[in-house]
Amino acid sequence: NLNEFCNRLDVAMKFLNIKALLLAACSLLATHAQANLIVNGDFEDVQIAPAAWTFFDLSTVTNLGWQGTNLEVWNYSTPGAFTGNQHIELNAHLPDTNVVPGVWSLYQTFATVIGETYNFSFAYRARQNNDESFTFFIGDFTKVLDDHVTTAWSTFSGSFVASATSSTIRFTSNTPGYKGNLLDSVSVVSAPATALLLGVGLFGMMLRRRQK
């Protein structure tokens, strides 16, 4: 009858509205969960000619996301970037090669929520020899990386809990010099956003089964 038809139509419309809401929420959360908090983490924001490298004085160049002394960006087919076309060398070049450089440090500060967990990852590779090393810092986490080799990229990942409204990621070479410690694909993402996205997806599946 007409009443039964209207009731079923009302249930169907509610289901469609919930479905649309879930799809919108999933889309929003997916964007948030996948958003890299690191600016220019893949070092592709400035284009370097193939088979070339360029260093940027970070005291004057401020639009590349990173802070430190110099940012030395490479575009070589060998050893090749971990992702994309470009990577950097942590032990960067100086305008005056007569100056003996100290240890190198490259860092970036980004907004965080106190108590929230963040996942980080990056790729690293030795340039000249397998004895190269650097120290990685993020939030309250510190790690010395001295296991990389010249023949392949390695990756390192983990998580930290933010203790302030901003956190800093930093790479510092352990020996002075112009050569060593290649880096690429630096990423920091919010872990709770990823978990929430999974939860919304499971809720949607349960709701769909219940409606059927």
Side-chain angles (χ1 to χ4, degrees), residues 27-95 101 104-112 118-128 132-139 141 143 145 148-160 166-173 177-191 193-194 197:
S27 177
L28 180 63
L29 286 170
T31 300
H32 179 59
Q34 296 171 2
N36 188 0
L37 300 177
I38 302 302
V39 178
N40 193 22
D42 56 3
F43 309 106
E44 304 282 341
D45 282 9
V46 58
Q47 293 302 306
I48 308 301
W53 61 271
T54 302
F55 72 89
F56 301 88
D57 183 350
L58 295 180
S59 66
T60 58
V61 180
T62 59
N63 63 341
L64 296 181
W66 294 93
Q67 294 178 278
T69 305
N70 285 349
L71 183 69
E72 184 176 311
V73 186
W74 289 32
N75 185 343
Y76 283 96
S77 57
T78 303
F82 182 73
T83 57
N85 297 315
Q86 300 178 174
H87 61 85
I88 67 162
E89 183 174 24
L90 178 60
N91 294 47
H93 200 71
L94 281 175
W104 296 96
S105 187
L106 192 67
Y107 64 97
Q108 189 171 144
T109 299
F110 53 95
T112 49
Y118 295 85
N119 296 328
F120 59 80
S121 63
F122 58 89
Y124 60 108
R125 181 172 182 158
R127 176 185 175 180
Q128 286 192 303
E132 296 171 11
S133 70
F134 62 94
T135 304
F136 168 67
F137 309 83
I138 188 167
F141 180 90
K143 174 73 173 180
L145 291 150
H148 44 324
V149 296
T150 60
T151 55
W153 286 96
S154 301
T155 58
F156 184 74
S157 61
S159 63
F160 75 100
S166 65
S167 299
T168 299
I169 185 170
R170 183 187 301 270
F171 301 90
T172 301
S173 63
Y178 298 114
K179 299 178 181 179
N181 299 308
L182 308 180
L183 297 172
D184 198 6
S185 301
V186 183
S187 174
V188 177
V189 297
S190 169
T194 307
L197 174 62

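In this text, all values refer to a predicted model and were calculated from it rather than measured experimentally.
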Student: Determine the minimum heavy-atom distance between A92 and Y178, stating which atoms define it.
Tutor: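 Scanning both residues completely, I find the closest heavy atoms to be O-CD2, 3.5 Å.
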Student: When rounded to the nearest 0.5 angstrom, what is the spacing between CD1 in I38 and CD1 in I169?
Tutor: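 Separation between the atoms: 4.5 Å.
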Student: Drop me the distance from Y107's OH to L58's CG, to the nearest 0.5 angstrom.
Tutor: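 Between atom OH of Y107 and atom CG of L58 there are 9.0 Å.
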Student: Ring-plane angle category for Y124 and F134, please: parallel below 30°, perpendicular beyond 60°, tilted otherwise.
Tutor: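 Geometry flag for F134 against Y124: perpendicular rings.
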Student: Would you call E89-K179 a salt bridge at under 4.0 Å N-O?
Tutor: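 Answer for the salt bridge query: no.
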Student: With rounding to the nearest 0.5 Å, note down the distance linking CG in N119 to OG in S187.
Tutor: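 Atom-to-atom, N119:CG and S187:OG are 8.5 Å apart.
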Student: Kindly determine whether Y118 and V189 satisfy side chain to side chain contact (heavy atoms under 4.5 Å, CB included), including the steps that lead there.
Tutor: CA-CA 6 Å; Y118 295 85; V189 297; over 6 Å; no
Student: Nearest 0.5 Å please: distance from the NE2 atom of H93 over to the OG1 atom of T69.
Tutor: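 These two atoms lie 13.5 Å from each other.
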Student: Using the ring-ring contact (aromatic ring centres under 6.0 Å, His included) rule, take H148 and W153 through it: C-alpha gap first, then chi angles, then the decisive distance, then the call.
Tutor: CA-CA 8 Å; H148 44 324; W153 286 96; 9.7 Å; no
Student: Taking the ring centre of each residue, are F120 and F141 less than 6.0 Å apart?
Tutor: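 Ring centres of F141 and F120 closer than 6.0 Å.
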Student: Do H87 and Y76 have their ring centres less than 6.0 Å from each other?
Tutor: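 Distance test on ring centres: not under 6.0 Å, no.
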Student: Give the C-alpha distance, both sets of side-chain angles, the deciding distance and a yes or no for side chain to side chain contact (heavy atoms under 4.5 Å, CB included) between L182 and L90.
Tutor: CA-CA 6 Å; L182 308 180; L90 178 60; over 6 Å; no
Student: Taking all non-hydrogen atoms of both residues, which atom of R125 and which atom of V149 are closest, and how far apart?
Tutor: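 Distance-wise, the nearest heavy atoms are CG-O, 3.4 Å.
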Student: Please answer whether the main-chain N or O of W104 pairs with a side-chain N or O of N181 as donor and acceptor at a distance below 3.5 Å.
Tutor: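 Not a single qualifying donor-acceptor pair exists.
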Student: Working to the nearest 0.5 Å, report the span between CG of N85 and CG of N75.
Tutor: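 With rounding to 0.5 Å, CG (N85) is 5.5 Å from CG (N75).
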Student: Tell me the closest heavy-atom pair linking E72 and W74, and the distance in Å.
Tutor: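 Reported closest heavy-atom pair: OE2-NE1, 2.9 Å.
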Student: Given the side-chain rings of F171 and F136, with only the six-membered ring counted for Trp, is the space between their centroids under 6.0 Å?
Tutor: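 Between F136 and F171, which both carry aromatic rings, the centre distance is below 6.0 Å.
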Student: On a heavy-atom basis, which atom in F160 and which in I138 lie closest, and how many Å separate them?
Tutor: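 That would be CE2-CD1, 3.5 Å.
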Student: As an exercise, state the distance from CG of L106 to CH2 of W66, rounded to the nearest 0.5 Å.
Tutor: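 Separation between the atoms: 5.5 Å.
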Student: Looking only at heavy atoms, what is the nearest atom pair of V39 and G65, with distance?
Tutor: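 Looking at all heavy atoms of both residues, the shortest contact is CG1-CA, 3.8 Å.
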Student: What heavy-atom pair brings F56 and V46 nearest, and what distance separates the two atoms?
Tutor: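 Looking at all heavy atoms of both residues, the shortest contact is CZ-CG2, 3.7 Å.
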